[in-house]
Structures are given as C-alpha cells and as structure tokens.
Chemist: 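Got a structure for you, questions after.
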Amino acid sequence: MPSNALPPGPKGTFLGGSLRAFNEQRLDFFLRVAREYGDIASFRFGPRRMFLVSHPDLIEQVLVTDAKHYIKHFGARAYKPVLGNGLVTSEGDFWLRQRRLAQPAFLKNRVASYAPVMGDLTRAMLAKWRPGQAVNVHEEFSTLTSAIALKTLFGLDDPGDRHAFVESLRLAFDLLGERFRDLVKVPLWLPTRRNRRTKRAIAELYRVVDGFIAQGRGRSEPGDDLLSRLVSARDDDGSRMTDTQLREEAMTLYLAGHETTALTLTWGWYLLATHPAAEARLAEEWVRVLAGRAPTPDDLPNLPYTDAVITEAMRVYPPVYLIGREATCDLELGGYRVRKGTTIFMCQWVSHRDPRHFGPDPEAFRPERWLDGLAKRIPKYAYYPFGGGPRVCIGNTFALMEAAILLATVGQRYRFTLDPGAVVDFSPGITLLPTYGIPATLAPR
Ligand code: HEM
C-alpha cells in the first residue's frame, strides 16, 4: 500500500511554497532538495504539488514503466502557444502518429547524410575567423547550429529572414518564460501589454516559418532536407501532415535541436579551455586518427576520446537539465501515493552529480571516466541527457554526430583561450544557458 503521506521536503512560504527559491537559484534549489530530503522529495509551487525524484529506478518508473500514465508537465505546456502540437508538446495518439511519421527521418544513415552540410557550414565559419580574434563561444556555436538546422530542416542556404526569425523566437520565448514564472497566470487571450507583445512575436514567427516551408515546397526537385521528408511522410492509412502540423513540427525541431547542440559545444569548449590536459589528449586523438582531414561519420567510432568529452560535457553541464511530467491518475512511486495532477521533476543537474554513480568528486570534468565501460556499470537512468522511454529525444543521433563533427572540425584549427576576467554563470531556462556567454580568444592550433 503506498503511503498517503507526502515525501519529505521544504515547506517554503505560505503562498508561493518554494517558487521563490526555484526562481532565484533553481539549480542549487534542486540539488539542495535532493541532498537534504533524499531520492523522493516534495514541495509546492503555489498550489501545485511537485515531487523531485533522484533515484535511477524511480526515474525509469516515470519515464518508461508508467509512461502512459504521465503527460508533459505544466512548464512544457507553457510553450504550446509557440510549439502547438509539435512533437515536444503533443500527447496521446496524436503524438504517436507524428512520432511515427518523423522517426524514419532520424534513422542513423539518414542522419549521416547531413554530415557534409555540418562540415561545410563549420568551415564557412572558420574561414571568417582570425587568430587572436575575440569571440563569444556561445554566440558562435548558436549561429552555426542555427544555420545547420535551417539548412538540414528547410534546405535553406541563405535564409534572408533568419535574423527576424531568431529575434522573434527569442522574444516569444522570453515573454512565455516570464509568464511561466508568474504565480498567477493571466490568460493569453486577455489584451495586456505583455500578451499583445507575445502574440505579435508568435505571429511574426509563423510568418517566417510559413515562408521557409513555402520556399521548400516551391523547389522543383524535392530536397533531402528534413522538412521535405516530413512533407512526403505517410502514415499507414496514407494520410500526411497538414500545413499547420508541418509548421509546428518544423518549429519544434528547429527549437529542440539547435540550442541544445550549441550548448553541448559551448560548455564543452569552456570545460576544455579550463582543463588543458583533456584538451591536449583530444588534439592528439585528432592528429592520430584524422591527420588534418575533415571528420566523417565513419571516423566517429575511431574517436573514443572525442565521444567521452561530449558525454562528460553533457554530464557536468546537461543542456536539458530538467524533465517534468504530470500524473494523469493516482499512482504509486517510491512507496508514496502520487495524486492525479502532481508534477514529477527529474533533474539531470542533480542526477549527473550523484556521488553514488560518479565517484567522490562528481563535479570534476574527467572524460576518462567513460573510457572503461562506466556507461554499462551505472544504472540506465543515472545519466540521461536525452531523457528516456517513449518520449526520448528523437534527435539524439543527430545531436551526437553534429557535436562530434563540429568539435573535431573546429578543434583541429583552433582552441579557445578564456578571457582572464570572464564571469561564467548559468541562466537555466528550458536549457542551461551561460548568462554572459563565454568570452574567449581564438588561438591557432
Ligand atoms: C545535445 C543536444 C540535445 C539534447 C541534450 C536534447 C535533449 C532532449 C531531452 C532531454 C528530451 C526529452 C524531454 C522530455 O522527456 O520531456 C528531448 C526531446 C526531444 N528532442 Fe532533443 N535534445 C538534443 C538535440 C535534439 C535535436 C538535434 C533534435 C532534432 C533535430 C531534437 C528534437 C527533439 C524532439 C522532437 C523531442 C521530443 C520527442 C518526443 O516527445 O517525441 N533534440 N530532447
């Protein structure tokens, strides 16, 4: 019989519960709750009841075993005004059909066909760089992964509207993010100043994305970009995606795909810049295996240290550091009753720092830890940068290949010297952004 008592946890304030602590320092908040209250803890955000689960078995139960009894949590739903019924935000049969339609486009050899685009666009970026130049590592890689996403998604080489797209996207997300942090949410249909700005930004986004889709469709030859594959994908009954579904899927894939990968590289380069021995070992691997050649997908199995660096960077600074679900019925979890409507958080920032799996110094960046089969020794949900179960990241193969190709292509030419006065801090929103970017200088290899 599950206990009707709540798991232990901080009381917080009378009205907001722990909302203020979460809004102020959410990474520390989750870490503190897990350390002080254990593998299953509970707290409130206003009237909402939350659990934080930090044991791999409990995480597996939520993401895999009981997946059908959970939906995405309120935080993910907050972005529905932009992402509509795209893969990240949809549920049930609709989600399953979209996932089936999209899945073939993400198979390993399909994904490998995008490697040349990734390499070409990276070399185009390198051609503009000069030794000694000051760069913001985050900005450079966001611009690059955005260009790669636009090319691989829409087949666009020179999207004139790219700037408008990126800006309205940022604005729409900032405004929805502000709304998410409010204790009392004003419905989006009320014509407040913020709601009007949000809606204008979303309308602008739709305009640009519809333009991208029209350009893609206007080409005489169907391209081999993801969108063309989604346009021609058919369900068992022969049905296809509507224009609205295509727009929502395209926007979802762009959003889910490019910033996360940019962050893997940004934090990866930051960690390498502050761990010269790891960087030297990486450079040695590239000299030995690639000898100055452009990396291809076939090279990746021969680059184990490159893989370990990416794996370790996503462990220490997981681009998606928090996953949430909401129970759709009363359930059991870790001996406690989970009432319908309870939000369950699983926090990679916490799990990936668990000394039970990552040794006495879990904060340390040590790619070597992955070289002797650690992944097989730890429980599956001790490390889950891409989530798990039916809603596991559809783009994980794409992301890992992109990260490896970009790292090796850039790293054979340059390394980054961190600015001595650089202040590096986190702004955890949906992803783990660096508050002030990563200011560095380009040093030739
Ligand atoms: C390092 C890069 C990436 C990370 C860390 C990452 C992480 C994640 C995580 C944790 C989830 C699950 C969220 C949940 O369960 O609530 C997810 C879902 C998703 N990701 Fe990724 N992702 C990355 C790259 C990509 C790329 C490149 C694409 C597409 C091109 C992509 C598309 C998606 C989609 C569509 C979903 C929703 C899948 C579904 O619910 O069916 N992601 N991602």
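Every number for a ligand or one of its atoms is a count from 1 in the order of the listing.
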Chemist: Counting from 1, what ligand 1 atoms have a heavy atom of Gly387 closer than 4.0 Å?
Modeler: 10 (C)
Chemist: At under 4.0 Å between heavy atoms, is it the side chain or the backbone of Arg325 that contacts ligand 1, or both, or neither?
Modeler: side chain
Chemist: Should the proximity of Lys72 to ligand 1, defined as any heavy atom under 4.0 Å, be assigned to the side chain, the backbone, both, or neither?
Modeler: side chain
Chemist: Show which atoms of ligand 1 fall inside a sub-4.0 Å distance from at least one heavy-atom site of Pro385.
Modeler: 5 (C), 7 (C), 10 (C)
Chemist: Going by the order shown, which atoms of ligand 1 are within less than 4.0 Å of some heavy atom of Val320?
Modeler: 7 (C), 10 (C)
Chemist: At less than 4.0 angstrom from any non-hydrogen atom of Val88, what atoms of ligand 1 do you find?
Modeler: 34 (C), 36 (C), 37 (C)
Chemist: For His73 and Phe345, I'd like to know if the aromatic rings sit close, meaning centre-to-centre distance below 6.0 Å.
Modeler: yes
Chemist: Would you confirm whether the ring centroid of Trp269 sits within less than 6.0 angstrom of the ring centroid of Tyr414?
Modeler: no
Chemist: Given the side-chain rings of Tyr317 and His352, with only the six-membered ring counted for Trp, is the space between their centroids under 6.0 Å?
Modeler: no
Chemist: Can you classify the ring geometry of Trp267 versus Phe426 as parallel (below 30°), tilted (30 to 60°) or perpendicular (above 60°)?
Modeler: tilted
Chemist: Check each heavy atom of Tyr384 against ligand 1 and say whether those closer than 4.0 Å belong to the side chain, the backbone, both or neither.
Modeler: neither
Chemist: Between Ala256, Ala262, Ala399, Ala149, which one has a non-hydrogen atom sitting closest to atom 32 (C) of ligand 1?
Modeler: Ala256
Chemist: Side chain or backbone of Arg99 under 4.0 Å from ligand 1, or both, or neither, by non-hydrogen atoms?
Modeler: side chain
Chemist: Out of Thr260, Leu253, Val392, Thr89, indicate the one that has the non-hydrogen atom closest to atom 2 (C) of ligand 1.
Modeler: Thr260
Chemist: Which ligand 1 atoms, with their elements, are less than 4.0 angstrom from a heavy-atom of Phe106?
Modeler: 29 (C), 30 (C)
Chemist: Does Lys380, at its NZ atom, have more than 12 non-hydrogen atoms belonging to other residues, nucleotides or ligands within less than 6.0 Å?
Modeler: no
Chemist: Is ligand 1 under 4.0 Å from a heavy atom in the side chain of Phe386, in the backbone, in both, or in neither?
Modeler: both
Chemist: If you measure from each non-hydrogen atom of Ile323 to ligand 1, which part falls under 4.0 Å: side chain, backbone, both or neither?
Modeler: side chain
Chemist: Check each atom of ligand 1 against the heavy atoms of Thr261 and keep those under 4.0 Å away; list them by number with element.
Modeler: 2 (C)
